[in-house]
Amino acid sequence: TGYYGDGLNAIIVFAACFLPDSSRADYNYVMENLFLYVISTLELMVAEDYMIVYLNGATPRRRMPGLGWMKKCYQMIDRRLRKNLKSFIIVHPSWFIRTILAVTRPFISSKFSSKIQYVNTLAELREMIPMEYVHIPDSIVK
């Protein structure tokens, strides 16, 4: 997590490579609690506009969240949080992520869809946001 701008707006960094493996027996339980943790953290941190940076690099398919989980996250996020989200940046998007988002686009609001941006390199990300307060895990840098 970092901040940008004069109003200290939040930059939420989400590294998918640290998500649990979907083969875990308690995977649904862990993901449910992770979601609740993420939402409660967002509600505490976000008073103003914010952005989410989703780091997809170095993530095997078995660690990527499923479509059902992402849909549930979107539906349960408070309207204020959805409205204050300025951009959802996906770094190193895989073919799978691009396909999922293309398929779901008709089911999510056009306002939300317009906030999604694909970034292919960390250099490109640096051109978009201030990186001095954003931690990128070493596995993704490599």
Side-chain angles (χ1 to χ4, degrees), residues 1-24 27-142:
T1 304
Y3 293 92
Y4 69 98
D6 295 335
L8 292 179
N9 298 340
I11 300 173
I12 313 298
V13 179
F14 194 82
C17 61
F18 296 126
L19 288 174
D21 194 301
S22 59
S23 65
R24 289 178 59 132
Y27 178 76
N28 289 332
Y29 172 81
V30 170
M31 290 299 282
E32 179 83 19
N33 283 288
L34 175 63
F35 168 73
L36 295 173
Y37 171 76
V38 168
I39 293 302
S40 62
T41 301
L42 277 177
E43 287 174 350
L44 289 173
M45 290 184 62
V46 175
E48 303 286 329
D49 297 343
Y50 71 104
M51 66 176 63
I52 295 176
V53 177
Y54 177 83
L55 301 171
N56 192 60
T59 305
R61 171 69 190 99
R62 67 184 186 279
R63 289 190 186 270
M64 286 184 197
L67 180 58
W69 186 80
M70 290 190 285
K71 180 182 174 191
K72 186 176 180 181
C73 287
Y74 176 75
Q75 290 172 337
M76 287 184 67
I77 291 174
D78 179 83
R79 185 183 177 282
R80 176 186 68 87
L81 286 176
R82 279 199 301 247
K83 193 177 87 152
N84 288 359
L85 177 66
K86 290 304 157 203
S87 60
F88 185 86
I89 301 170
I90 302 173
V91 183
H92 303 126
S94 63
W95 175 86
F96 177 75
I97 292 280
R98 287 178 187 266
T99 302
I100 291 286
L101 287 171
V103 168
T104 59
R105 201 165 286 258
F107 306 106
I108 57 178
S109 77
S110 58
K111 281 185 180 178
F112 185 79
S113 290
S114 68
K115 297 175 184 184
I116 299 171
Q117 300 175 337
Y118 296 118
V119 174
N120 294 312
T121 66
L122 293 176
E124 194 179 331
L125 181 64
R126 277 188 199 88
E127 293 173 14
M128 296 174 70
I129 64 170
M131 296 292 286
E132 58 268 18
Y133 302 113
V134 176
H135 172 72
I136 305 291
D138 290 339
S139 59
I140 292 171
V141 172
K142 291 175 187 168

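The figures here come from the full heavy-atom set of this structure, side chains too, leaving out hydrogens, waters and symmetry mates. Numbering of residues begins at 1 and proceeds along the displayed sequence.
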#### Entry: side chain to side chain contact (heavy atoms under 4.5 Å, CB included) between Ile97 and Ile90, intermediate numbers included
CA-CA 9 Å; Ile97 292 280; Ile90 302 173; 4.1 Å; yes
#### Entry: Minimum-distance pair of heavy atoms, taken over all atoms of Asn9 and Glu48
OD1-CB, 3.4 Å
### Message
By the salt bridge (charged side-chain N to carboxylate O under 4.0 Å, His left out) test, which pairs, at least two apart or in different chains, include something from residues 29-46?
### Response
Glu32-Lys72
#### Entry: Minimal non-hydrogen separation, Ile11 against Pro130, with atom names
CD1-O, 4.2 Å
### Query
Do you know the tightest heavy-atom contact between Ile140 and Cys17?
CD1-SG, 4.0 Å
### Message
Can you tell me how far apart NE2 (His135) and CG (Asp138) are? Round to the nearest 0.5 Å.
### Response
6.5 Å
### Query
Side-chain contact, heavy-atom cut-off 4.5 Å: Leu85 with Tyr50?
yes
Under 3.5 Å, sequence neighbours excluded: what are the donor-acceptor pairs made by side chains of residues 118-127?
from: Asn120; atom 1: OD1; to: Arg98; atom 2: NH2; distance (Å): 3.3
from: Thr121; atom 1: OG1; to: Glu124; atom 2: N; distance (Å): 3.0
from: Glu124; atom 1: OE1; to: Asn120; atom 2: N; distance (Å): 3.3

### Task
Report yes if some heavy atom in the side chain of Pro65 is under 4.5 Å from a heavy atom in the side chain of Tyr54; otherwise report no.
yes
### Task
Please identify each residue that fulfils side chain to side chain contact (heavy atoms under 4.5 Å, CB included) with Phe18, with sequence neighbours left out.
Ala15, Pro137
### Summary
Closest non-hydrogen contact found for Ala58 with Pro60 is O-CD, 3.6 Å
### Task
Output, in order, the C-alpha distance, side-chain angles, deciding distance and verdict of side chain to side chain contact (heavy atoms under 4.5 Å, CB included) for Met131 and Ile129.
CA-CA 6 Å; Met131 296 292 286; Ile129 64 170; 3.8 Å; yes
### Task
May I ask you to test the Met128-Ser87 pair for a side-chain heavy-atom distance under 4.5 Å?
no
### Leu42 and Ile12, any side-chain heavy atoms less than 4.5 Å apart
yes
### Query
Backbone N or O of Phe112 within a donor-acceptor pair of the Ser114 side chain at under 3.5 Å?
no
### Query
So Met64 and Ser94, side chain to side chain contact (heavy atoms under 4.5 Å, CB included) or not? Walk me through it.
CA-CA 10 Å; Met64 286 184 197; Ser94 63; 3.7 Å; yes
### Residues that Thr41 engages under side chain to side chain contact (heavy atoms under 4.5 Å, CB included), provided they are two or more places apart
Tyr37, Met45
### Query
When rounded to the nearest 0.5 angstrom, what distance separates CD1 in Ile39 from CG in Leu34?
10.0 Å
### Task
Apply side chain to side chain contact (heavy atoms under 4.5 Å, CB included) to Ile136 and Val91, showing your working.
CA-CA 11 Å; Ile136 305 291; Val91 183; over 6 Å; no
### Query
Got a sec, which pairs hit salt bridge (charged side-chain N to carboxylate O under 4.0 Å, His left out) with one end in residues 106-116, sequence neighbours left out?
none
### Query
What is the minimum heavy-atom distance between Thr59 and Asn56, and which atoms define it?
OG1-O, 3.0 Å
### Task
Not counting sequence neighbours, list each pair that qualifies as a salt bridge (charged side-chain N to carboxylate O under 4.0 Å, His left out) and has a residue in residues 52-70.
Asp21-Arg62
### Message
Nearest 0.5 Å, please: how far is NZ in Lys86 from CG in Asn84?
### Response
6.5 Å
